[in-house]
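Beneath this line is the structure, given in structure tokens, with notes to follow.
In this chain, residues are counted from 1 in sequence order.
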Amino acid sequence: HWAMMDTMAHPPKNDLHSTSPHAPLAKYYMDEIERRSFVASIFDRTASHYDWIDRTMSLGSGLRYRRDALRRAGFTRGMTMLDIAVGSGLMARAALDIQGGIGRVTGLDVSMGMLDKARNSVPVALVQGYAEQLPFSDGYVDFVTMGFALRHVSNLESTFVEYRRVLKPGGVLLILELTRPPHGTLKYALSRFYLQSVVPLIARLGPGRADAQVLMEYFWDTVDNAVPPETIIDALSECGFEHAIHKRKMLRMFSEYVAVKPA
């Protein structure tokens, strides 16, 4: 199932802040229009190689980590789910695994290349669109998920307002992300070396080559310049979510954010 979206997102409500998930990255784009174009284009060009890139980038976390994260957040059989930035379909597949292959899962992505990839790998409904302007009715699903893509939205508040809107009362939001260790620590030095140098080099040698290398360099730059977890938790609370928590997993670089829409 496909739906085309307008390229303009709803602006955040006037009484909310407008917090970018990371500082502007002039190396890749100069303004919001260029940012959106760059993100869609780089994922279109790397879609056919993305599963290989993901295994390299995420230290092999893959499907098992996503299943475990969903279970920790309370996802069970019979629940409906909207996976934002569905990519090649790893989070959607994890949800279907939990549900025994039978469930209502919808995936959304800005990249047509990624949607084509997901269509060939996971049996879910697929929609093209932006996180900041979801083409779904109020109270659409029990669960909203986003795996390693929060850094690609225009701002946190307009995104979280939409996530809250499409959740049913009592519904759960699960966001997976990477969080860099504090500057000046050994863990920061090691993670920077791995993600800024080793992974792009491996990507350059593997499928996709130049485009994969650019994606991995961009990936690290967004992680390195991202707002801290406290900012994300504050934005979730400001946008009306309850019980917003942040937990670090796997080398303390993998972050899980869970929040609940009031019943």
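Counting heavy atoms from C-beta outward, Leu156 and Val227 have side chains that approach closer than 4.5 Å. Within the 4.5 Å cutoff, the side chain of Glu132 has heavy atoms near those of the Val153 side chain. Side-chain atoms of Pro135 and Leu108, non-hydrogen and from C-beta on, do get closer than 4.5 Å to each other. At least one side-chain heavy atom of Tyr257 sits less than 4.5 Å from a side-chain heavy atom of Pro229.
Ring orientation note: the planes of His22 and Tyr29 are tilted relative to one another, at an angle of 30° to 60°. Ring orientation note: the planes of Trp220 and Tyr188 are tilted relative to one another, at an angle of 30° to 60°.
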Show me the donor-acceptor pairs, under 3.5 Å and distance only, between side chains in residues 170-177 and residues at least two apart or in other chains.
{"residue": "Glu177", "atom": "OE1", "partner": "Arg151", "partner atom": "NE", "Å": "2.9"}
{"residue": "Glu177", "atom": "OE2", "partner": "Ala149", "partner atom": "N", "Å": "3.2"}
{"residue": "Glu177", "atom": "OE2", "partner": "Leu150", "partner atom": "N", "Å": "2.9"}
{"residue": "Glu177", "atom": "OE2", "partner": "Arg151", "partner atom": "N", "Å": "3.4"}
{"residue": "Glu177", "atom": "OE2", "partner": "Arg151", "partner atom": "NE", "Å": "3.2"}

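The distance from the CG atom of Leu115 to the NZ atom of Lys117 is 13.0 Å, given to the nearest 0.5 Å. The structure places CG of Leu195 at 7.0 Å from CG of Leu178, a figure rounded to the nearest 0.5 Å. Distance check: Thr159 OG1 to Arg164 CZ gives 15.0 Å after rounding to the nearest 0.5 Å.
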Exercise. Would Asp234 and His17 count as a side chain to side chain contact (heavy atoms under 4.5 Å, CB included) if you check the C-alpha gap in whole Å, the side-chain angles of each, and the deciding distance to 0.1 Å?
Worked result: CA-CA 10 Å; Asp234 287 346; His17 295 97; over 6 Å; no

For this session: Begin with the C-alpha distance, continue with both residues' side-chain angles, and end with the deciding distance and a verdict on side chain to side chain contact (heavy atoms under 4.5 Å, CB included) for Lys27 and Glu217.
Result: CA-CA 10 Å; Lys27 176 181 176 181; Glu217 291 173 349; 4.1 Å; yes

Problem set entry | Audit row: Val141, Phe136, side chain to side chain contact (heavy atoms under 4.5 Å, CB included) steps and yes/no | CA-CA 9 Å; Val141 287; Phe136 306 106; over 6 Å; no

Exercise. Does the side chain to side chain contact (heavy atoms under 4.5 Å, CB included) test come out yes or no for Met79 and Ile98, once each step is laid out?
Worked result: CA-CA 10 Å; Met79 290 184 170; Ile98 292 172; over 6 Å; no

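The two atoms that bring Met253 and Ser191 nearest to each other are SD-CB, 3.4 Å, heavy atoms only. In terms of heavy atoms, Ser137 sits closest to Arg165 at C-NH1, 3.6 Å. Taking each heavy atom of Asp31 and Glu34 in turn, the nearest pair found is OD1-N, 2.8 Å. The minimum heavy-atom distance between Ala92 and Val124, with the atom names listed, is CB-CG1, 4.2 Å. Summarising the geometry of Ser88 relative to Tyr50, their closest heavy-atom pair is OG-CD2, 4.1 Å, with the distance given to 0.1 Å. Residue Met114 comes nearest to Ala47 through the heavy atom pair N-CB, 3.7 Å, listed as atom of the first residue, atom of the second, then distance.
Using modelled atom types, no side-chain atom of Arg35 and backbone atom of Leu25 make a donor-acceptor pair closer than 3.5 Å. Asp44 contributes a side-chain N or O that, together with a main-chain N or O of Met112, makes up a donor-acceptor pair within less than 3.5 Å.
Here the options are Leu82, Asp109, Thr106, the test is side chain to side chain contact (heavy atoms under 4.5 Å, CB included), and the partner is Val127; only Thr106 passes. With Lys261 as reference, Leu167 is the one residue of Asp142, Leu167, Val166 to meet the side chain to side chain contact (heavy atoms under 4.5 Å, CB included) rule. With Glu256 as the fixed residue, the salt bridge (charged side-chain N to carboxylate O under 4.0 Å, His left out) test singles out one of Lys247, Arg66, Arg71, Arg72: Arg72.
When only modelled atom types and interatomic distance are considered, Thr145 and Asp83 share a side-chain donor-acceptor pair under 3.5 Å. Side-chain contact annotation: Ser255 with His246, donor-acceptor N/O pair under 3.5 Å present.
Annotation: cation-pi geometry satisfied between Arg104 and Tyr140 (NZ/CZ under 6.0 angstrom from ring centroid, within 45° of ring axis).
The local environment of CG in Leu190 is crowded, with over 12 non-hydrogen atoms from other residues, nucleotides or ligands closer than 6.0 Å.
A continuous path of ILVMFWY side-chain contacts below 4.5 Å connects Ile245 to Phe254, so both sit in one hydrophobic cluster.
In this structure, the ring of Phe38 has its center less than 6.0 angstrom from the ring center of Tyr218.
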